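Note that the structure is predicted; figures quoted are calculated from it, not measured.
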Amino acid sequence: MGNSRYSREDGRELALLQHISSLPHVETSLPGNPEAVLAKIDRFARDQAHLIHIGPEKGAVMTFLIAERKPKIMVELGGYVGYSTILFGDAVRRPGGKHYFSLEIDPVNAAIASLLIDLAGLKDFINLLVASAHLSLAR
């Protein structure tokens, strides 16, 4: 799983989930802690396998904008493995936002995202829809 060549089906997304699931003290240090879950994803992406996620630098810009504008509802197109969903969903929730919708077309990535969203303690706030965006938006 080297970083020299990336393929949509090289397994790094599942490797991320396996990595986080196998961490020592995962059941005590990560549940309900979005920041800790994001830190583990960042470390995996930096040290083990590149992920196509927003990352902490761009994420900080977005969370600043979310904090400034305080949206009540936010919709994300393409949740991937849940990094931005956790980051932005938590940022929307903090100042009293009502709901966060994440649309993801790939069912494997959506399943990974769902597990990580649950681990971060945001399952009740985030609605993850698995379908193409035009179908999810129509719902």
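Under the 4.5 Å side-chain heavy-atom criterion for grouping Ile, Leu, Val, Met, Phe, Trp and Tyr, Tyr80 is not connected to Ile105 through any hydrophobic cluster. At a threshold of 4.5 Å between side-chain heavy atoms, the hydrophobic network of Ile, Leu, Val, Met, Phe, Trp and Tyr places Leu115 and Leu30 in one connected group.
Distance CG/Asp106 to CD/Glu13: 8.0 Å, rounded to 0.5 Å. The CZ atom of Phe88 lies 8.5 Å from the OH atom of Tyr83; values are rounded to the nearest 0.5 Å. Once rounded to the nearest 0.5 Å, the distance linking CG of Leu38 with CZ of Arg43 reads 14.0 Å. A distance of 7.0 Å separates CD1 of Ile54 from CG of Leu87, quoted to the nearest 0.5 Å.
Taking all atoms of both residues into account, the shortest heavy-atom contact from Leu128 to Ala113 is CD2-CB, 4.1 Å. When all heavy atoms of Lys72 and Gly96 are compared, the closest pair comes out as NZ-O, 3.8 Å. The two residues Glu76 and Ser102 come nearest to each other via the heavy atoms OE1-OG, 2.8 Å.
Counting only heavy atoms from C-beta outward, the side chains of Phe44 and Ile20 never approach each other to under 4.5 Å. The shortest distance between side-chain heavy atoms of Leu116 and Thr85 does not fall below 4.5 Å. Between Thr28 and His25, some side-chain heavy-atom pair lies under the 4.5 Å cut-off. Contact annotation: the side chain of Ile66 approaches that of Pro71 to within less than 4.5 Å [non-hydrogen atoms, C-beta and beyond].
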>> Checking Asp42 against Arg46 for the salt bridge (Lys or Arg N to Asp or Glu O under 4.0 Å) test, could you report, in this order, the C-alpha distance in whole Å, the side-chain angles of both residues, the deciding distance, and whether it holds?
In response: CA-CA 6 Å; Asp42 282 330; Arg46 184 184 66 241; over 6 Å; no
>> Please determine whether side chain to side chain contact (heavy atoms under 4.5 Å, CB included) holds for the pair Glu35 and Asp90, giving the CA-CA distance in whole Å, both sets of side-chain angles, and the decisive distance to 0.1 Å.
In response: CA-CA 9 Å; Glu35 295 86 7; Asp90 188 43; 3.5 Å; yes
>> For Val92 and Phe125: C-alpha separation, side-chain torsions, deciding distance, then whether side chain to side chain contact (heavy atoms under 4.5 Å, CB included) applies.
In response: CA-CA 10 Å; Val92 169; Phe125 184 74; 3.7 Å; yes
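Under the 3.5 Å distance criterion, the side-chain polar atoms of Lys40 are left unmatched by any main-chain donor or acceptor of Val37. Arg12 contributes a side-chain N or O that, together with a main-chain N or O of His50, makes up a donor-acceptor pair within less than 3.5 Å. No donor-acceptor pair closer than 3.5 Å links the side chain of Glu104 to the backbone N or O of Val130. Judged purely by atom type and a 3.5 angstrom limit, Ser114 has no side-chain atom pairing as donor or acceptor with the backbone of Ala110.
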